[in-house]
Amino acid sequence: MERSPRTVAQAGEDAVLSAILEVITPHNDAVAQQHRQEPGQERAQQSGQTLAVGPGNDDAAVLAFSAQPSPGSSQPTAEVVMTTDTMSEGQDFRRRWWLGPNSTAEAAERTEVWAMDVGTKAAAQNLSDISAMGAVPSALLVSLTLPADLPVEWVGDFFQGMVRACRAPGAQRCVIAGGDLGSGDTISVTITALGQAEDAPVLRRSGAQPGDILAVAGPLGRAAAGFELLEHLSAPEHDGAADATEQKRLWESHEDLIRDCLAAQQRPEPPLTAGPTAAAHGATAAMDISDGLIRDAGRLASAAGVCLKLDDAALEAEAVQLEPVAGVLGRDPQAARRWVCAGGEEYALLATFGAGVVLPEGFRPLGEVLEHRDGVPRVITEHAVSAGGWSSL
Ligand SMILES: Nc1ncnc2c1ncn2[C@@H]1O[C@H](COP(=O)(O)OP(=O)(O)O)[C@@H](O)[C@H]1O
Ligand SMILES: Cc1ncc(C[n+]2csc(CCOP(=O)(O)OP(=O)(O)O)c2C)c(N)n1
Ligand SMILES: [Mg+2]
């Protein structure tokens, strides 16, 4: 019997990425090698470019140019930090979150909010990757795939949302430089962001050292709580009046928290100044949390070859804040722990700082960096919490 080929979903994100890297890494290496072998070393260096951080290793790639090297200096004259991310309807958002279960034509105002929010979130998740490298965003390119029947206003409102994201502190120099338009069955948005490190070197995941403090800037778990709230509120069978009295009471007494969670999912505001601030304060490593704290911390641990010990009391304090949302949804309080540890889409910044460093404003301690055990980098928590995070495929 012939074996059927695995689909991308069966293979999973990591295996698909490995298949990509298998092809592109030798190509990138060959390009780098060719440069070195070019006759007339000086000329080669004049137009020299190096992929200082390549695919698969970090939140963004870094291309270093050495256009006019001073004699004897190997310092690049410019470094461009680059990243790209896609958001698709059905995979990353549902229009019924804004338009309601029975969306109708009179929902023009809601359509405007929907389009703006998608623009804001698509931009914010890219800006967050730039910040996670300790860099400042300079420009965005936007590729839109639009269904033929989408109202034309949607596009303008989407760009208004992008502009809103670029007005946030830390992104105010970022321009929207262009893009592409195409047609397809569902909305899909791909943004590419370019940025530059300022006065400090770019922050790599691999820089974490045993003895460092692990810290985080930005909220944890709120976007995941917001996701569940939105799914609940927009479910076709949802009827506000059907909520049990106790849940209704909880809902009313936690309105601000609920609004925060919905906003974290629909129009996140990543702490974009946190990356450059961390770099300026000598952070040793950073990454943005988009697939869940434990999964992403595991990636940082692997990149640096260390263990990350999470402070359970700190995690507990984060989870307790979200317990009312679990209550509103009629869920077990454990749901709040899962949101904090495995939620995803936080766009919070995880960073490590040398022992004894006073954490810059906006950061709170979350644990410590330890030597790896038996050569195996991992994330350590005292209590068993779900390590499962988000996988895109
Ligand atoms: N289609 C692709 N081609 C090449 N590299 C990719 C592709 N998809 C992801 N990568 C690389 O894999 C790494 C992880 O990607 P991803 O999970 O999207 O990162 P992030 O969570 O920071 O957006 C990055 O270095 C990214 O450049
Ligand atoms: C309809 C819908 N389903 C599920 C989610 C949850 N979700 C979508 S993407 C994601 C994690 C991050 O996504 P990815 O595109 O992998 O971002 P990256 O890691 O590349 O930054 C999560 C938790 C959602 N927002 N919307
Ligand atoms: Mg990505």
Side-chain angles (χ1 to χ4, degrees), residues 8 12-25 27-28 51-63 81-98 114 117-118 121-133 135 186-193 195 202-206 220-232 234-235 261-262 264-268 270 275 286-300 302-303 338-350 386 388-393:
V8 287
E13 201 176 348
D14 289 346
V16 173
L17 185 57
S18 297
I20 294 170
L21 294 180
E22 222 170 88
V23 179
I24 65 180
T25 305
H27 167 75
N28 292 344
L51 191 57
V53 179
N57 293 324
D58 237 298
D59 291 285
V62 180
L63 195 58
V81 180
M82 312 175 290
T83 185
T84 191
D85 252 310
T86 296
M87 263 179 70
S88 305
E89 187 170 11
Q91 178 78 9
D92 299 287
F93 64 88
R94 293 188 215 288
R95 62 179 81 188
R96 68 167 187 259
W97 291 352
W98 289 267
W114 164 39
D117 283 355
V118 173
K121 183 167 176 177
Q125 66 182 21
N126 280 279
L127 297 171
S128 174
D129 278 331
I130 297 288
S131 164
M133 302 298 287
T186 53
I187 301 174
S188 184
V189 178
T190 298
I191 295 189
T192 299
V202 292
L203 284 175
R204 304 290 316 273
R205 293 177 184 174
S206 54
L220 290 174
R222 292 191 178 215
F227 171 72
E228 288 205 24
L229 283 163
L230 287 162
E231 290 288 83
H232 172 77
S234 67
C261 292
L262 295 173
Q265 172 58 234
Q266 291 177 293
R267 60 197 85 85
M287 79 177 290
D288 94 323
I289 305 171
S290 58
D291 290 338
L293 168 65
I294 295 198
R295 172 170 285 203
D296 281 336
R299 290 173 175 153
L300 193 144
S302 295
R338 252 191 323 278
W339 293 332
V340 167
C341 293
E345 298 179 288
E346 279 97 348
Y347 311 115
L349 190 80
L350 198 60
S386 161
W390 179 260
S391 172
S392 295
L393 294 172

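Counting begins at 1 with the first residue of the sequence. Counting convention: from 1, in listed order, for ligands and their atoms alike. Predicted model only: the values in this text are computed from it and were never measured.
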Nearest heavy atom to atom 1 (N) of ligand 1, choosing from Ile20, Leu21, Ile24, belongs to Ile20
Glu346 (side chain) donor-acceptor with Gly344 (main chain) under 3.5 angstrom
yes
contact_flag Gln265 ligand 2 heavy-atom lt 4.0 Å:
yes
Polar atom proximity, Gln91 to ligand 2 (N or O, under 3.5 Å)
yes
Counterpart residues, salt bridge (charged side-chain N to carboxylate O under 4.0 Å, His left out), relative to Asp296 (two or more places apart)
Arg299
Report yes or no: do Trp97 and Gln265 form a side-chain donor-acceptor pair below 3.5 Å?
no
What do you reckon, does Ser290 put a non-hydrogen atom under 4.0 Å from ligand 1?
yes
Set of salt bridge (charged side-chain N to carboxylate O under 4.0 Å, His left out) partners for Arg205, sequence neighbours left out
Asp58, Asp59
Of the listed options (Asp129, Thr83, Asp296), which comes nearest to atom 20 (P) of ligand 1 when hydrogens are ignored and any heavy atom counts?
Asp129
Could you tell me, atom by atom, which parts of ligand 2 come under 4.0 Å of a heavy atom of Ser290?
11 (C), 12 (C), 18 (P), 19 (O), 21 (O)
Distance under 4.0 Å to a non-hydrogen atom of Asn57: what atoms of ligand 1 satisfy this?
25 (O)
Close side-chain approach of Asp85 and Ser290, heavy atoms under 4.5 Å
no
Which ligand 2 atoms does Gly90 reach within 4.0 Å, using its non-hydrogen atoms?
1 (C)
Glu13 heavy atom under 4.0 Å from ligand 1
yes
Closer than 4.0 angstrom: is that true for some heavy atom of Ser128 and an atom of ligand 2?
no
Between ligand 2 and Asp92, is the shortest N or O to N or O distance under 3.5 Å?
yes
Main chain of Asp14, side chain of Ser18: is a donor-acceptor contact present, judged purely on distance under 3.5 Å?
yes
Stepwise side-chain contact (heavy atoms from CB on, under 4.5 Å) test for Ser88 and Thr186
CA-CA 7 Å; Ser88 305; Thr186 53; 5.6 Å; no
Say whether Trp97 and ligand 2 are in contact under the criterion: heavy-atom distance to a ligand atom below 4.0 Å.
yes
Which atoms of ligand 2 sit under 4.0 Å from any heavy atom of Asp291?
11 (C), 12 (C), 13 (O), 16 (O), 19 (O)
Counting heavy atoms only, name the option from Thr86, Val23, Asp85, Asp58 that's nearest to atom 24 (C) of ligand 1.
Asp58
Are any side-chain N or O atoms of Ser131 and backbone N or O atoms of Leu127, one a donor and one an acceptor, separated by less than 3.5 Å?
no
Say whether, by atom type as modelled, one donor and one acceptor occur between the side chain of Thr84 and the main chain of Ile191 under 3.5 angstrom.
yes
Quick check on contacts: which atoms of ligand 1 are under 4.0 angstrom from a heavy atom of Gly56?
11 (C), 12 (O), 13 (C), 24 (C), 25 (O)
One finds that the ligand 2 atoms under 4.0 Å from a non-hydrogen atom of Gly343 are 23 (C)
Say whether Asp85, considering both its backbone and side-chain N or O atoms, lies within less than 3.5 Å of an N or O atom on ligand 2.
yes
What atoms of ligand 2 come closer than 4.0 angstrom to any heavy atom of Phe93?
1 (C), 26 (N)
Should Thr86 and Gln91 count as side-chain neighbours, where that means a heavy-atom distance under 4.5 Å?
no
Atom CZ in Arg95, atom CD1 in Ile187: separation rounded to 0.5 Å?
5.0 Å
With a 4.0 Å cut-off on heavy atoms, is Glu345 touching ligand 2?
yes
Short list, please: which atoms of ligand 1 are under 4.0 Å from a heavy atom of Asp59?
22 (O)
Could you tell me which non-hydrogen atom of Lys121 sits nearest to which non-hydrogen atom of Asp92, and how far apart they are?
NZ-O, 4.2 Å
